[in-house]
Amino acid sequence: MDKGKGLEAVQRSFQNIDLTFNSRNPNKLAKNYNPLLLSSWSPLEKRKPPALVSLCLGFIGKHLEDIIEDLDLVASFPPDIKMIITAIARRRNLLSDDVIVALAESSWEILDLSDSEVSDIGLLKVIRICSQLKAMDISRCSKITPFGVSELVKNCPCLEILRWGGCPRSEHTARNSLSILKPTLNDVEGDSWEELDTTEIIHGAQSLRWLVWPTIDKDSLEILATECPRIIVNPKPSFFGHKGIDIPKHALPGVALDEFIVEDIDPKTWAVSGSKLIRTTQPVLSSVELPIAEKFRLAFVERDARLAPKRAKNARQRQRRAEREWVTTSTSVKSIVLAGQLSKNLRS
């Protein structure tokens with residue numbers, strides 16, 4: 001397609017279209033624009049016909065490579081429209097440092113950079129613009145290093161959900177970035193991590209709660225469980241949440257972070273040669289399918305599994321306490337200890 005004709009077609013597509021439709025007529029896109037606290041969805045929800053703006057964005061997406069060098073054309077678009085273009089560019093393998101920096105908006109709270117060519121340089125520029133990010137996906141970003149992760153954690157204090165790993169370089173970055181997530185405490189006298197306030201945690205990932213790392217190794221998992229117990233790794237879909245906490249939809253590994261953004265866009269938009277189709281199927285959690293007895297059984301099994309580590313820890317503590325009491329009260333043990341000390345003194 002000729003570049004000049006492509007630009008003219010895009011301009012004609014958006015002529016006389018109100019791009020601020022979300023503010024007056026909230027639809028599915030606007031409703032889901034900031035759904036970080038939503039943990040469920042209805043599989044029976046009827047899909048509405050795509051809006052006119054969605055059809056135009058689909059047209060832009062099919063010819064995105066023709067305008068990728070002239071992104072000044074979309075500079076005046078609303079933030080949600082730019083986010084859709086970003087999601088399409090990612091699926092078309094067109095997302096690079098220059099593209100994401102040109103499209104980034106300060107009001108964005110989620111950003112999916114997975115499978116892209118974005119590097120530390122682009123990431124650093126973006127997080128200075130989008131400092132209020134709450135969810136970020138850098139999975140399979142081979143050009144992002146621990147330095148980029150460090151800057152991300154430092155510049156995005158509201159970050160709650162982080163996704164990484166997925167390819168050898170990204171796995172290496174993830175393992176070398178674990179120390180960045182570890183918090184440093186102002187108050188070291190607290191009895192429990194859960195009782196700490198975020199103001200008492202300096203450095204580290206202060207607000208990070210959910211980490212999606214599907215191929216995490218055992219050692220890394222143990223490090224996170226020991227030194228970052230607030231961070232929940234790879235949460236699984238559940239009717240009852242995780243320890244009483246609702247799991248955000250964006251923290252589920254099987255759902256792309258920007259999936260809801262392109263719900264109304266025709267998948268043929270990015271189904272072209274060389275592009276990656278990254279539409280995932282949302283897990284269905286229908287409460288109608290399970291009888292009440294099964295729900296109680298699942299709740300009991302989940303609670304039992306959750307309390308098993310605590311029971312084991314209490315058992316070890318009781319065993320150590322009993323051993324100490326036995327050492328301090330048993331006359332035979334005392335005599336053995338005294339004999340050992342006496343023989344040591346005689347040798348010296």
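- Two residues are said to be in side-chain contact when any heavy atoms from C-beta on lie closer than 4.5 Å; Leu152 and Leu162 meet this criterion.
- A heavy-atom distance below 4.5 Å is not found between the side chains of Ile144 and Trp164.
- Not counting sequence neighbours, Thr173 has no partner by the side chain to side chain donor-acceptor pair (under 3.5 Å) test.
- Although no hydrogens or angles enter the test, the distance criterion places a donor-acceptor pair under 3.5 Å between the side chain of Arg163 and the main chain of His250.
- Atom CD1 of Ile121 has 12 or fewer heavy atoms from other residues, nucleotides or ligands within 6.0 Å.
- Two residues are said to be in side-chain contact when any heavy atoms from C-beta on lie closer than 4.5 Å; Ile265 and Trp270 meet this criterion.
- Between the Asn155 side chain and the Ser131 main chain, no donor and acceptor come within less than 3.5 Å of each other.
- Residues Ile60 and Ile100 fall within the same hydrophobic cluster, defined by Ile, Leu, Val, Met, Phe, Trp and Tyr side chains chained together at heavy-atom separations under 4.5 Å.
- Residues Leu252 and Pro235 approach most closely at CD2-O, 4.1 Å, considering heavy atoms.
- Of the possible polar contacts, none joining the Ser116 side chain to the Arg90 backbone as a donor-acceptor pair under 3.5 Å is found.
- Here Thr86 pairs with nothing under the side chain to side chain donor-acceptor pair (under 3.5 Å) rule; sequence neighbours left out.
- Between Leu208 and Ile231, the shortest heavy-atom distance links the atoms O-CG1, 3.6 Å.
- Asp112 places none of its side-chain heavy atoms less than 4.5 Å from the side chain of Ile261.
- A donor-acceptor contact shorter than 3.5 Å is absent between the side chain of Arg175 and the backbone of Ser220.
- Distance alone, capped at 3.5 Å, is enough to place a donor-acceptor pair between the Asp120 side chain and the Thr145 backbone.
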Practice problem: Report the C-alpha separation of Glu151 and Lys154 in whole Å, then their side-chain angles, then the decisive distance to 0.1 Å, and conclude whether the salt bridge (charged side-chain N to carboxylate O under 4.0 Å, His left out) test is met. | Solution: CA-CA 5 Å; Glu151 293 299 312; Lys154 185 189 305 181; 3.4 Å; yes

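- No donor-acceptor pair closer than 3.5 Å links the side chain of Ser150 to the backbone N or O of Pro146.
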Practice problem: Applying side-chain contact (heavy atoms from CB on, under 4.5 Å), run through Asn234 and Val212 and close with a yes or a no. | Solution: CA-CA 5 Å; Asn234 297 331; Val212 179; 4.1 Å; yes

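- Shortest non-hydrogen contact noted between Phe77 and Lys82 is O-CE, 3.5 Å.
- The main-chain N or O of Cys130 is never found under 3.5 Å from a side-chain atom of Glu105 such that the two would form a donor-acceptor pair.
- In this structure, the side chain of Arg209 engages the main chain of Arg230 through a donor-acceptor pair within 3.5 Å.
- Within the 4.5 Å cutoff, no side-chain heavy atoms of Val126 are placed close to those of Met136.
- Under the side chain to side chain donor-acceptor pair (under 3.5 Å) criterion, Gln132 pairs with no residue, sequence neighbours left out.
- No side-chain N or O of Asp98 forms a donor-acceptor pair with one of Ser96 less than 3.5 Å apart.
- In this structure the side chain of Leu133 never reaches within 4.5 angstrom of the side chain of Ile110, judged on heavy atoms.
- The line from OG of Ser139 to CG of Leu257 is 9.0 Å long, rounded to the nearest 0.5 Å.
- Across Pro248 and Ile161, no two heavy atoms sit closer than the pair CB-CD1, 3.9 Å.
- At least one donor-acceptor pair under 3.5 Å links the side chain of Trp108 to the backbone N or O of Pro79.
- Considering only residues two or more places apart in sequence or on other chains, Trp210 meets the ring pair (Phe, Tyr, Trp, His ring centres under 6.0 Å) condition with none of them.
- With sequence neighbours excluded, the residues forming a side chain to side chain donor-acceptor pair (under 3.5 Å) with Ser119 are Asp97, listed by chain and number.
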Please set out all donor-acceptor pairs under 3.5 angstrom arising from side-chain atoms of residues 307-319, sequence neighbours excluded.
{"from": "Arg311", "atom 1": "NH2", "to": "Asp304", "atom 2": "O", "distance (Å)": "3.4"}
{"from": "Arg311", "atom 1": "NH2", "to": "Asp304", "atom 2": "OD1", "distance (Å)": "3.0"}
{"from": "Asn314", "atom 1": "ND2", "to": "Lys310", "atom 2": "O", "distance (Å)": "3.3"}

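- Remark: Asp266 does not engage Lys62 in a salt bridge, criterion side-chain N to carboxylate O under 4.0 Å.
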